[in-house]
Structure formats: C-alpha cells, structure tokens
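In what follows, a structure is listed as structure tokens, so that the remarks can point back to it.
Both ligands and their constituent atoms are indexed starting at 1 by order of listing.
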Amino acid sequence: MNPVVLVTGSSRGIGRATIIEFAKKGYDVVINYVSRKEEALALKKIIEDDYPVQVLAIPADVSKEEEVKNMVEEIIQTFGHIDCLVNNAGIAIDTTFEEKTVENFRRTFDVNLIGTFLVSKYVGKYMQEKKQGTIINISSTNGIDTIYPESLDYDASKAGVISLTKNLALQYAPDIRVNSIAPGWVLTEMNRDLDEKFVESEKKKCLLKRFAEPEEIAKVVVFLASSDASYINGEVIRVDGGFHV
Ligand code: NAD
C-alpha cells in the first residue's frame with residue numbers, strides 16, 4: 001500500500017514540483033486545484049504515464065470549508081488514509097501600501113492562513129485516527145523577516161502560518177509531526193509580474209545570486225515528510241539561498 005499525499009494548490013509552481021517529487025518516491029498523489037483544471041489534468045497524466053502510483057485531481061478552494069470537507073472525504077473514500085498533507089496553496093496580492101484594501105487583506109488571510117487551518121483540521125482528524133501522519137505548511141521568509149511593507153498582508157498571513165504550525169504540532173503530538181518551510185524567492189508564476197530591475201537587485205542580495213527552482217523547495221518538503229526527518233517537529237526551515245545572512 002502506497003502512502004498518500006495531498007498537496008494543495010498543486011496544478012503549478014512549487015505544488016506541482018512537490019507532486020512530482022512525491023510520485024518519484026512512490027506516493028499516491030492528490031492534486032488540488034481551484035480553476036486550472038486543464039493544468040491539473042495534464043499533470044495527472046504525466047504522473048500516471050511516468051510513475052506506478054495512483055493520482056486524484058480534486059477541485060476545491062481551500063478557504064471554503066464545505067469544499068475542503070468534500071475533498072478530504074473523497075480522498076478517504078478512495079484511499080482510506082492520508083499520510084502527508086502539504087499546505088501549499090497561497091496568494092499574494094501585489095499593491096502599494098496606499099492601495100491595500102481590507103478585501104485584499106481578508107482574501108490573503110482566507111487562503112493562506114484560514115485555508116491552511118481548514119485543510120489541516122479535516123485531514124488531521126483522519127491522521128489522528130490512524131495515529132500517524134505529517135503536515136508541512138509552506139510559509140515564506142516574509143513570515144519571519146520584515147523587508148517589504150507592500151506585502152504586509154501576505155507577510156502577516158505567512159507569520160500566522162508559522163504560529164499555526166507550532167500550535168498544530170502541539171495539538172497533534174505525539175503522533176503527527178507538523179513543520180513549516182520558509183522559501184525565499186522561487187521562480188514561479190507568483191513572481192511573473194515583478195519588475196526586472198527589482199528581480200536583479202533581489203538576486204544580488206542572495207548569496208547564491210539567483211531565485212530557487214520550485215524543485216529545490218519540493219525536495220525539502222519530501223525530506224520533511226520522510227522518516228529521515230523523524231525528529232524534526234514544530235520547526236520552520238528556511239530555504240532562501242542565504243538571502244538573510
Ligand atoms: P503559484 O501562484 O504558482 O502557486 C500557488 C498555487 O495556489 C496555484 O496553483 C493556485 O491556483 C493555488 N491557489 C490559490 N488560491 C487557492 C485556493 N483558494 N484554493 C486552492 N488553491 C489555491 O505560486 P508558488 O510560488 O508555487 O506558491 C506556492 C506557495 O509557496 C504559496 O503558499 C506561496 O505563498 C509560497 N511561497 C512562494 C514563494 C515564491 O517566491 N514563489 C516564496 C515563498 C513562499
């Protein structure tokens with residue numbers, strides 16, 4: 001019986017790379033998406049063609065409780081268990097400080113923080129029944145450092161994800177390990193609208209002089225899920241190429 005992993009927001013970017021890394025390790029994988037059905041189904045086909053694992057692709061907005069509940073029920077009906085949850089779904093609404101609205105703030109919190117709570121709550125219930133599992137929450141270095149006031153809503157949501165990680169580790173101890181990863185800049189569509197000059201200046205600040213590839217985050221997720229990380233719990237791991245040094 002293969003272990004089962006759910007990665008939220010996994011039709012593209014870090015989530016997509018994470019699905020592929022888990023499939024390589026022999027996990028049955030659940031791709032979650034909101035609107036990008038074609039990309040999710042294309043990824044499903046790639047995995048099915050290349051790896052001897054089962055794949056589900058389920059639409060659900062992680063900020064909507066009913067959709068999360070239905071998604072988790074479908075996974076349990078199909079596989080009977082979930083061994084790993086990666087709370088990866090996230091948004092960043094780029095605006096200046098002056099343009100920032102309450103709606104921007106609320107939506108960012110709804111997806112990044114409340115979404116992480118909701119999926120953890122419904123998946124955690126089944127993990128507790130089996131007395132095993134692991135949860136990995138994708139935060140950000142923005143949740144630790146204070147660098148860009150333009151992203152204060154995103155930063156607060158990601159700081160919240162770190163706090164949530166520690167509380168969930170306490171809540172689910174000793175059976176379920178809960179950890180967080182704080183990536184620095186990663187080459188994904190989330191950053192596609194950034195000004196070129198800004199990107200170059202950010203690369204210069206990083207000791208490795210480049211953004212991360214999504215796979216470089218995905219490999220850390222898979223490590224945290226593995227028994228090699230069996231004594232890592234309630235922790236936040238920076239993966240930022242030495243940006244903050
Ligand atoms: P991305 O925009 O490519 O991926 C985000 C994914 O989340 C998309 O697939 C999107 O459809 C999905 N998503 C958005 N709202 C959702 C919702 N309500 N329900 C379900 N899915 C939803 O960006 P990415 O860089 O791959 O981001 C993945 C995670 O990594 C995010 O949590 C992001 O905050 C975090 N992160 C990214 C960077 C970076 O530089 N790219 C840095 C640090 C942290």
Starting from atom 3 (O) of ligand 1, which protein heavy atom do you reach first, and at what distance in Å?
R12 NE, 2.8 Å
Heteroatom proximity flag, Y33 to ligand 1, N/O under 3.5 Å:
no
Using a 4.0 Å heavy-atom threshold (strictly under), name the region of R107 that reaches ligand 1: side chain, backbone, both or neither.
side chain
Quick one: look at A92 and ligand 1, take heavy-atom pairs under 4.0 Å, and tell me if it's side chain, backbone, both or neither.
neither
Between N233 and R177, the two heavy atoms sitting closest are OD1-CA, 3.3 Å
Nearest non-hydrogen partners of P52 and N2, listed with the distance
O-ND2, 4.0 Å
May I ask you to identify the nearest protein heavy atom to atom 24 (P) of ligand 1, giving residue, atom name and distance to one decimal place in Å?
T188 OG1, 3.5 Å
Closest to atom 42 (C) of ligand 1 among protein heavy atoms sits G184 O, 3.0 Å
Tell me which protein heavy atom sits closest to atom 27 (O) of ligand 1, plus the residue, atom name and distance to 0.1 Å.
M190 CE, 4.1 Å
Under 3.5 Å, is there a donor-acceptor pair linking the side chains of E73 and Y122?
no
Heavy atom of the protein closest to atom 26 (O) of ligand 1 (residue, atom name, distance):
I14 N, 2.8 Å
Any nitrogen or oxygen of P183, side chain or backbone, less than 3.5 Å from one on ligand 1?
no
Considering only heavy atoms from C-beta outward, does the side chain of R12 approach that of T188 to under 4.5 Å?
no
Answer with side chain, backbone, both or neither: which part of V62 has a heavy atom less than 4.0 angstrom from an atom of ligand 1?
both
Mode of V111 contact toward ligand 1 - side chain, backbone, both, neither (heavy atoms, under 4.0 Å):
side chain
What do you reckon, does G115 put a non-hydrogen atom under 4.0 Å from ligand 1?
no
Min heavy-atom dist P214 to ligand 1 below 4.0 Å
no
Side chains of T146 and D155: is there a donor and an acceptor less than 3.5 Å apart?
no
If we set the cut-off at 4.0 Å for heavy atoms, which region of A182 has an atom near ligand 1: side chain, backbone, both, or neither?
neither
Taking NZ, NE, NH1 and NH2 as the nitrogens, is one of them in R210 or E216 under 4.0 Å from a carboxylate oxygen of the other?
yes
Heavy-atom contacts under 4.0 Å between T8 and ligand 1: side chain, backbone, both, or neither?
neither
among protein heavy atoms, the one nearest atom 31 (C) of ligand 1 is N88 O, 3.1 Å
Enumerated ligand 1 atoms positioned under 4.0 Å from heavy atoms of W185:
40 (O)
Heavy atoms only: which of G13, S139, G90 is nearest to atom 44 (C) of ligand 1?
S139
Are K219 and D228 close enough for a salt bridge, meaning some N to O gap below 4.0 Å?
no
Under 4.0 Å between heavy atoms, the region of I91 that gets near ligand 1 turns out to be side chain
Return yes if a side-chain donor-acceptor contact under 3.5 Å exists between Q132 and D83, otherwise no.
yes
Presence of salt bridge, E65 and K69, under 4.0 angstrom:
no
Relative to ligand 1, is V34 under 4.0 angstrom through side chain, backbone, both or neither, heavy atoms considered?
side chain
State if Y154 counts as touching ligand 1 under the rule of any non-hydrogen atom under 4.0 Å.
yes
Give the residue and atom name of whichever protein heavy atom lies nearest to atom 18 (N) of ligand 1, and the separation in Å to one decimal.
D61 OD1, 2.8 Å
Under a 4.0 Å threshold between the charged nitrogen and the carboxylate oxygen, would D49 count as salt-bridged to K45?
yes
Parallel under 30°, tilted from 30 to 60°, perpendicular over 60°: which one fits the rings of F22 and Y27?
perpendicular
Sub-4.0 Å heavy-atom contact, K158 with ligand 1:
yes
Residue-level breakdown please: for R36 versus ligand 1, do any non-hydrogen atoms fall below 4.0 Å on the side chain, on the backbone, on both, or on neither?
side chain
Atom 6 (C) of ligand 1 sits nearest the protein heavy atom G9 O, 3.5 Å
Taking NZ, NE, NH1 and NH2 as the nitrogens, is one of them in K197 or E200 under 4.0 Å from a carboxylate oxygen of the other?
no
Do the side-chain N and O atoms of T116 and N137 include a donor-acceptor pair separated by under 3.5 angstrom?
no
Should the proximity of N32 to ligand 1, defined as any heavy atom under 4.0 Å, be assigned to the side chain, the backbone, both, or neither?
side chain
